[in-house]
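These numbers were taken from a predicted model, which means no experiment stands behind them. Counting starts at 1 for both ligands and their atoms, in listed order.
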Amino acid sequence: MSVQIGICYSRIRADEKLLLSELRERGHDVVKIDVRELELAIGEAPEILADLDLVVDRCLATSRSVYVTQFLSAYGVPVVNGSETATVCADKVRTSLALDGAGVPTPATTVAFTTDSALSAIESFGYPCVLKPVVGSWGRLMAKIDSPSAAEAILEHKSTLGHYEHKVFYVQEFVDKPGRDLRVLAVDGEPIAGMVRSSDHWITNAAAGAETTALEIDDEIADVVAAASDAVGGGLLGIDLMETDNGYTVHEVNHTVEFKALNGAVDVDVPAAVVDWLEETADSAADSKLEVTA
Ligand SMILES: Nc1ncnc2c1ncn2[C@@H]1O[C@H](COP(=O)(O)OP(=O)(O)OP(=O)(O)O)[C@@H](O)[C@H]1O
């Protein structure tokens with residue numbers, strides 16, 4: 001059955017191009033929604049959104065993603081990922097709380113609001129430890145802190161020059177991983193594929209130039225991925241794990257996940273698997289609409 005799917009974006013990346021061509025090849029009616037042109041009135045959905053079977057949120061900017069998904073929910077338009085998932089995943093503090101609250105292993109983390117208390121938290125972790133912005137991606141503005149003088153300098157820079165979000169200090173244990181981390185793409189907790197991202201740098205994400213190879217997803221990884229997905233509210237997610245001596249730890253869950261690098265690293269047709277899930281999700285959203293109106 002052909003469905004009408006909207007894609008919310010502010011920039012069409014290679015990932016969105018892969019999705020669009022897969023959807024169109026399957027004969028779906030795709031509506032491209034540039035969120036920079038949207039005017040979202042409280043109460044009434046703009047015409048472009050009104051009759052869609054499903055909207056896929058692919059907004060790059062976190063604030064847009066969080067608000068657009070909330071408006072879509074308020075208008076009664078089915079959206080993936082949902083606004084609750086977006087709100088949790090867009091913010092590292094909320095993600096850490098959600099993961100830990102659900103018993104999913106995640107690196108030890110402390111949040112502080114002043115440079116003095118942040119310095120005290122850093123001293124408690126010892127050196128090295130990691131300071132991350134609470135909102136952000138691609139490993140930007142993350143710092144591995146090796147010494148008290150580095151800590152003081154970074155905290156001073158953040159408090160003097162940083163945007164208000166940088167005044168929330170998110171301090172994390174440094175996980176001595178084996179030169180790589182793992183990214184698993186999953187739909188409602190079910191893995192589609194995964195990759196190993198290896199680098200000489202301590203930041204090993206693909207955007208920072210890591211080498212990517214296919215990951216074999218064993219039961220232990222699948223269980224952690226399912227639990228992490230449930231913890232943040234499910235959907236199409238990129239779940240990032242590090243290996244430790246005590247098993248896996250989840251350091252990040254991405255809700256507008258990029259999958260171009262993954263598609264190049266594995267034999268699975270990633271956009272096809274994502275579109276399979278979008279079709280199922282659109283069908284079940286249509287079924288629940290029918291039930292409500294019947
Ligand atoms: N606590 C840590 N200890 C050691 N390495 C870490 C730690 N946290 C993150 N890293 C490394 O830094 C990379 C980026 O971290 P993280 O995913 O938290 O940042 P991000 O900006 O959200 O990146 P992305 O958008 O790719 O998820 C990870 O892939 C990992 O290699």
Side-chain angles (χ1 to χ4, degrees), residues 11 13-15 58-62 65-66 81 85-86 88-100 104-111 121-122 124-146 151 154 158 162-163 165-166 168-186 194-213 215 224-225 228-229 232 236-262 265:
R11 184 154 65 80
R13 297 166 286 182
D15 313 83
R58 297 294 305 172
C59 291
L60 200 55
T62 305
S65 169
V66 166
N81 290 324
T85 300
V88 174
C89 294
D91 180 320
K92 283 193 167 47
V93 179
R94 287 177 206 256
T95 304
S96 296
L97 285 168
L99 291 172
D100 186 65
V104 179
T106 189
T109 302
T110 299
V111 172
I122 289 169
S124 303
F125 277 112
Y127 300 96
C129 65
V130 175
L131 195 59
K132 297 183 182 181
V134 289
V135 175
S137 47
W138 303 317
R140 282 177 311 189
L141 298 177
M142 292 187 15
K144 180 180 167 199
I145 303 178
D146 290 309
I154 290 165
K158 278 172 94 74
H163 179 262
E165 276 161 358
H166 290 274
V168 177
F169 300 102
Y170 179 98
V171 188
Q172 194 163 73
E173 68 170 309
F174 179 75
V175 176
D176 195 11
K177 60 193 183 301
R180 59 180 184 240
D181 78 338
L182 317 175
R183 154 70 58 88
V184 177
L185 183 75
M195 65 180 168
V196 182
R197 308 183 290 189
S198 312
S199 171
D200 294 338
H201 198 282
W202 75 275
I203 296 176
T204 60
N205 44 7
E211 196 179 295
T212 54
T213 49
L215 167 72
V224 175
V225 164
S229 170
V232 301
L236 169 65
L237 298 169
I239 294 160
D240 296 346
L241 309 93
M242 291 184 277
E243 296 146 279
T244 76
D245 292 342
N246 303 316
Y248 296 102
T249 186
V250 178
H251 58 282
E252 170 82 345
V253 184
N254 297 277
H255 72 288
T256 48
V257 54
E258 294 178 344
F259 45 80
K260 182 187 62 153
L262 177 66

Among all protein heavy atoms, pick out the one at the shortest distance from [atom]; state its residue, atom name and that distance to 0.1 Å.
atom                    : value
atom 21 (O) of ligand 1 : Gly139 N, 2.7 Å
atom 31 (O) of ligand 1 : Thr204 OG1, 2.6 Å
atom 26 (O) of ligand 1 : Asn205 ND2, 2.8 Å
atom 29 (O) of ligand 1 : Asp181 OD2, 2.6 Å
atom 8 (N) of ligand 1  : Lys132 NZ, 2.9 Å
atom 25 (O) of ligand 1 : Trp138 N, 2.8 Å
atom 3 (N) of ligand 1  : Val175 N, 2.9 Å
atom 10 (N) of ligand 1 : Trp202 CZ3, 3.8 Å

Is [Y] close to [X] at the side-chain level, that is, under 4.5 Å between some pair of heavy atoms?
X      : Y      : result
His251 : Asp181 : yes
Glu252 : Asn205 : no
Leu237 : Thr85  : yes
Tyr170 : Ser96  : yes
Lys177 : Thr204 : yes
Val225 : Val250 : no
Arg13  : Glu258 : yes
Pro178 : Glu243 : yes

Subject >> Minimum heavy-atom distance between Ala228 and Ile239, given as atom pair plus value >> reply: CB-CG2, 4.1 Å
**OP:** Run the contact test for Lys144 against ligand 1 with a 4.0 Å cut-off on heavy atoms, strictly below, and give the result.
**Re:** no
**OP:** Answer yes or no for Arg180: is there a heavy-atom contact with ligand 1 below 4.0 Å?
**Re:** no
Original post:
N/O to N/O below 3.5 Å, does that happen between Met142 and ligand 1?
Top reply: no
[X] heavy atoms, cut-off 4.0 Å: which ligand 1 atoms fall inside?
X      : answer
Asn254 : 24 (P), 25 (O), 27 (O)
Asp240 : 17 (O), 27 (O)
Phe174 : 3 (N), 4 (C)
Glu173 : 1 (N), 2 (C), 3 (N)

**OP:** Could you name the option among His201, Gln172, Lys92 that has the heavy atom nearest to atom 22 (O) of ligand 1?
**Re:** Lys92
Subject >> Selection from Glu252, Arg197, His251, Met242 by shortest heavy-atom distance to atom 7 (C) of ligand 1 >> reply: Met242
Subject >> Pairing of Asp240 and Arg183 as salt bridge, 4.0 angstrom limit >> reply: yes
Original post:
Salt bridge check: are Arg180 and Glu211 linked by an N-O gap of less than 4.0 Å?
Top reply: no
Original post:
Side chain, backbone, both or neither: which part of Asp176 comes within less than 4.0 Å of ligand 1 when only heavy atoms are counted?
Top reply: neither
